[in-house]
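Shown next, in structure tokens, is the structure this report addresses.
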Amino acid sequence: MLRTAVVAVALAVFAPSQPGSDSWTGVEAVYHQRVHEAGIVGSSLLFVRGGEPVHWAVDGYQDAAARRAVDRETIFHWASITKMFTGVAIMQLRDRGLLSLDDPAIKYVPELREVHNPFGDMTQVTIRHLMSHSAGFRAATWPWGGDKDWHPFEPTRWDQVVAMFPYTELLFKPGTEYRYSNPGVIILGRIIEYLSGDDYEVYVTKNLFMPLGMTRAFFDRAPYHLVGHRSHSYVRTDGGIVEQRFDFDTGITVSNGGLNAPLDDMAKWLAFLIDGNGPVLKRSSLDEMFTPQIRARNGEGGSGDDVQAGLSCFIERHHGVELVGHSGDQNGFISHLYIHRPTKSGYLVSFNTDASSASNPRGSTRAVDDDLRDAIAAAFWNGASR
């Protein structure tokens with residue numbers, strides 16, 4: 001009911017017939033109010049129309065101990081939004097004739113023969129299934145520990161992932177159900193490396209970052225000249241706030257969630273997704289990615305009661321408005337990317353605090369994320385072509 005009230009206020013106040021600065025003023029008010037209510041340490045927000053960033057907002061600190069404020073130079077960790085980069089890389093290879101989305105993944109990753117498939121053999125798992133989280137793999141990459149200070153943040157080498165395959169079982173027949181799966185995306189990263197001859201990070205840098213001009217984006221630990229701009233991250237509960245690992249390494253899971261970048265660079269990524277037809281990927285291939293493949297579930301990559309998995313993205317409907325997007329959630333960082341295709345606009349938001357409260361449902365970062373989405377939809381997309 002509280003979220004419904006926020007939406008109602010946004011619909012009534014923040015949706016003039018010609019969205020502009022007045023609309024953004026209302027969105028900013030919701031953004032700052034909700035960030036403060038949830039006790040989020042720092043955050044940054046960007047709205048893009050066409051190929052240009054048109055609205056910005058920042059709040060709080062990138063480093064609470066040093067009282068260093070968030071600014072446009074602040075580098076956030078984008079976690080699972082990395083999966084969209086992996087998906088675009090796969091589509092590039094497909095468009096070059098190096099693979100088909102309906103190829104068995106085992107064709108490129110023969111180690112998959114060690115996985116137990118009680119529904120048949122592993123040739124059933126296709127690249128399309130991996131991109132739409134319908135291959136049948138479990139959700140977690142590392143389900144057997146990792147809670148000690150000396151443990152790696154994630155598996156560091158491919159052979160560690162392969163060693164887990166004989167102890168891995170598909171949970172359903174590929175293509176018949178949805179289950180958000182990080183291991184599935186690691187396999188996509190391995191396919192990119194196999195077909196390109198480059199490490200995943202090198203391939204994405206050469207074929208996505210460079211043509212888009214994303215000069216300050218990087219994977220895992222920061223280059224020395226950017227460490228000072230990297231945001232710290234936090235977990236806040238009713239018991240207090242705890243800082244998380246700083247400048248961490250996602251290891252072999254980099255294709256699943258290793259991306260770091262400031263909003264200036266991410267604005268270029270968002271503009272590419274909105275406009276297409278550039279040097280990275282043709283518009284028709286992006287539209288193919290944005291086509292629903294299978295019904296998904298709230299909170300597993302997508303949000304809401306009406307969410308479909310596309311290819312390395314999600315198609316959601318909120319209050320009658322269709323959005324393409326992806327969320328990110330790792331090590332205290334929570335982020336979201338959304339595109340409204342009819343108006344060729346979209347936004348990015350990152351929070352450096354995973355806040356939750358047993359006593360106050362509105363005191364969570366996810367509730368702030370939802371309220372912000374609804375306010376932006378009311379201000380800029382409600383009443384537009386759905």
Look only at the side chain of [X] and the backbone of [Y], and say whether a donor-acceptor pair between them is shorter than 3.5 Å.
X	Y	value
Tyr234	Gly42	no
Lys83	Asn256	yes
Trp78	Ala261	yes
Asn352	Tyr61	yes
Glu300	Arg179	no
Thr365	Thr353	yes
Thr86	Ser255	yes
Gln308	Arg295	yes

Kindly assign one of parallel, tilted or perpendicular to the pair His32 and His36, based on the angle between their ring planes and the thresholds 30° and 60°.
tilted

Under 30°, 30 to 60°, or over 60°: which ring-plane class applies to Tyr178 and His133, parallel, tilted or perpendicular?
perpendicular

Before accepting this row, confirm whether a basic side-chain N of the pair [X]/[Y] lies closer than 4.0 Å to the acidic partner's carboxylate O.
X	Y	value
Arg138	Glu169	no
Arg128	Asp102	yes
Asp264	Arg72	yes
Arg366	Asp369	no

Are [Y] and [X] linked, directly or through intermediate hydrophobic residues, by side-chain heavy-atom contacts shorter than 4.5 Å (ILVMFWY only)?
X	Y	value
Phe351	Val41	no
Phe165	Ile191	yes
Met289	Leu212	yes
Leu208	Leu98	yes
Val125	Ile187	yes

Tell me the closest heavy-atom pair linking [X] and [Y], and the distance in Å.
X	Y	result
Leu270	Tyr338	CD1-O, 4.0 Å
Ser285	Arg94	OG-NH2, 3.5 Å
His229	His225	CD2-O, 4.2 Å
Met122	Asn117	SD-CB, 3.7 Å
Ser327	Ser80	O-CB, 3.4 Å
Asp354	Asp329	OD2-OD1, 4.1 Å

is_close_aromatic([X], [Y]), centroid dist under 6.0 Å:
X	Y	value
Phe85	Tyr203	no
Tyr347	His55	no
Phe47	Phe380	yes

Quick one, Arg362 with Glu37, criterion salt bridge (Lys or Arg N to Asp or Glu O under 4.0 Å). Give me CA distance, side-chain angles, the key distance, then yes/no.
CA-CA 8 Å; Arg362 281 175 58 81; Glu37 286 176 348; 3.0 Å; yes

Regarding Thr74 and Gln62, do their side chains bring together a donor and an acceptor under 3.5 Å, going by distance alone?
yes

Could you check whether Thr156 and Gln160, counting side-chain N and O atoms only, form a donor-acceptor pair closer than 3.5 Å?
yes

side-chain contact (heavy atoms from CB on, under 4.5 Å) between Val254 and Asp220, worked out:
CA-CA 7 Å; Val254 61; Asp220 294 330; 3.8 Å; yes

Phe333 ring centre to Arg230 NZ or CZ under 6.0 Å, with the angle to the axis within 45°?
no

In sequence, state the C-alpha distance, the side-chain angles, and the governing distance for Asp370 and Arg373, and then conclude on side-chain contact (heavy atoms from CB on, under 4.5 Å).
CA-CA 5 Å; Asp370 289 347; Arg373 179 202 61 225; 3.2 Å; yes

Kindly check if the number of other-residue, nucleotide or ligand heavy atoms within 6.0 Å of CG (Asp305) is above 12?
no

